[in-house]
Amino acid sequence: MSDIQQLVYASRATFQSADNGGGVEPEVARILMQSRRNNPRRGLVGALYYGDGCFFQCLEGPQAEIDTLYGQLMKDARHRDLKVLRRQFITGTSFAGWSMKYVPAASDVQTLLALHGKERFDPYAFDNELLDAMVTLLHHRAEEGLNPMPPAAGRARAGTPVPAVQPAPAPRRSLGVRLAWVAAAIVVVALAVLALR
Ligand SMILES: Cc1cc2nc3c(=O)[nH]c(=O)nc-3n(C[C@H](O)[C@H](O)[C@H](O)COP(=O)(O)O)c2cc1C
């Protein structure tokens with residue numbers, strides 16, 4: 001059986017939302033920095049949504065690492081009322097390349113909530129259908145782009161999603177080699193002209 005688990009939980013932020021014109025909350029930005037620093041070496045990937053004072057996080061990776069992180073999360077004073085909404089084994093992750101995708105309170109989440117007759121983001125009241133739809137939305141948003149912070153070289157573990165690698169530029173030929181090709185071409189043309197006379 002696969003050792004890869006998916007953990008989805010909800011929690012309430014304990015900090016006051018900063019009035020920063022709709023940008024990323026400073027506290028959320030710090031959480032993302034920590035996640036993107038730590039998760040690659042733990043083989044963890046996932047996505048974090050923050051809206052209406054609630055967190056909704058989907059974590060995927062080795063069971064033992066999920067357990068360890070969840071233990072730390074329960075002690076983190078930046079949120080409270082942690083509630084596991086789903087925990088299950090999965091065959092593979094859909095967050096490949098994302099150590100922690102951030103999904104801000106965006107219009108597609110508002111649309112999803114409206115479709116389910118909800119005015120606010122309250123993950124504690126999600127039924128299975130809304131939970132599925134929210135996780136699918138996070139997966140789709142993660143597929144839209146690649147991780148801006150790939151794991152440190154040499155620290156990725158087996159089974160860790162590998163970030164996109166830039167194709168290596170084609171090696172440039174040296175001037176000498178290029179001149180040799182030009183000379184060879186001239187000789188070939190000269191021989192052809194001689195042969196035709
Ligand atoms: C909502 C929320 C989500 C978090 N997600 C992660 C995470 O995915 N990975 C992580 O390492 N820390 C995460 N943290 C932070 C951890 O609780 C903990 O502070 C951190 O792992 C400690 O890392 P450090 O020892 O490198 O400072 C999260 C915290 C909160 C409040």
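Everything quoted here is computed from the prediction, not taken from an experiment. As the structure lists them, so they are numbered: ligands from 1, and atoms in each ligand from 1.
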Side-chain heavy atoms of Lys101 within contact of Leu138, under 4.5 Å:
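Counting from C-beta outward, Lys101 and Leu138 never come under 4.5 Å.
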Which atoms of ligand 1 have any heavy atom of [X] under 4.0 Å away?
{"X": "Gln72", "result": "17 (O), 21 (O)"}
{"X": "Ser35", "result": "5 (N), 6 (C), 7 (C), 8 (O), 9 (N), 10 (C), 13 (C)"}
{"X": "Leu69", "result": "7 (C), 8 (O), 9 (N), 10 (C), 11 (O), 12 (N)"}
{"X": "Asn38", "result": "11 (O), 21 (O), 23 (O), 24 (P), 26 (O)"}
{"X": "Ile31", "result": "2 (C), 3 (C), 4 (C), 28 (C), 29 (C), 30 (C), 31 (C)"}
{"X": "Arg42", "result": "11 (O)"}

Nearest heavy atom to atom 9 (N) of ligand 1: which of Leu44, Asn39, Leu59 does it belong to?
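The option holding the nearest heavy atom is Asn39.
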Out of Gln34, Arg12, Met74, who is nearest to atom 22 (C) of ligand 1 when you count heavy atoms only?
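That would be Gln34.
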Just to confirm my output: which protein heavy-atom neighbour is closest to [atom], and how far is it?
{"atom": "atom 18 (C) of ligand 1", "value": "Asp76 OD2, 3.8 Å"}
{"atom": "atom 5 (N) of ligand 1", "value": "Gln57 NE2, 3.1 Å"}
{"atom": "atom 26 (O) of ligand 1", "value": "Arg37 NH2, 3.0 Å"}
{"atom": "atom 4 (C) of ligand 1", "value": "Leu73 CD2, 3.3 Å"}

When clusters are formed by joining ILVMFWY residues with side-chain heavy atoms under 4.5 Å apart, either directly or through shared neighbours, do Val84 and Leu69 land in the same one?
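Same cluster.
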Cationic tip of Arg12 above Tyr124 ring, under 6.0 Å, 45° of axis:
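Judged by the rule (NZ or CZ under 6.0 Å from the ring centre, within 45° of its axis), Arg12 counts as positioned above Tyr124.
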Taking heavy atoms and a distance under 4.0 Å, where does Tyr70 meet ligand 1: side chain, backbone, both or neither?
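It is neither; nothing of Tyr70 touches ligand 1.
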For ligand 1, is any non-hydrogen atom under 4.0 Å from Met100's backbone (N, CA, C, O), its side chain (CB onward), both, or neither?
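Only the side chain of Met100 comes within reach of ligand 1.
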Non-hydrogen atoms of Leu73 and His79 that approach each other most closely
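Between these two residues, the closest heavy atoms are O-NE2, 2.9 Å.
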Within a 6.0 Å radius of atom CD on Gln16, are there more than 12 heavy atoms belonging to other residues, nucleotides or ligands?
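It does not: Gln16 CD has 12 such atoms or fewer within range.
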CD of Gln72: more than 12 outside heavy atoms within 6.0 angstrom?
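Yes.
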Quick one: does Tyr9 get an N or O within less than 3.5 Å of an N or O on ligand 1?
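Tyr9 vs ligand 1: no N/O contact under 3.5 Å.
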Evaluate Arg78 for polar contact with ligand 1, using N/O atom pairs at a separation under 3.5 Å.
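There is such a contact, yes.
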Pair Asp122 + Arg120, salt bridge at N-O below 4.0 Å:
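Judged by the 4.0 Å cut-off on N to carboxylate O distance, Asp122 and Arg120 do not form a salt bridge.
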Would you call the rings of Tyr70 and Tyr9 parallel, tilted or perpendicular if under 30° counts as parallel and over 60° as perpendicular?
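Rings of Tyr70 and Tyr9: perpendicular, over 60°.
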Can you find a side-chain donor-acceptor pair between Glu60 and His139 that sits under 3.5 Å?
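On atom types as modelled, these side chains qualify, holding a pair under 3.5 Å.
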Does the gap between the ring centers of Phe55 and Phe121 come in under 6.0 Å?
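For Phe55 and Phe121, the ring centres are not under 6.0 Å apart.
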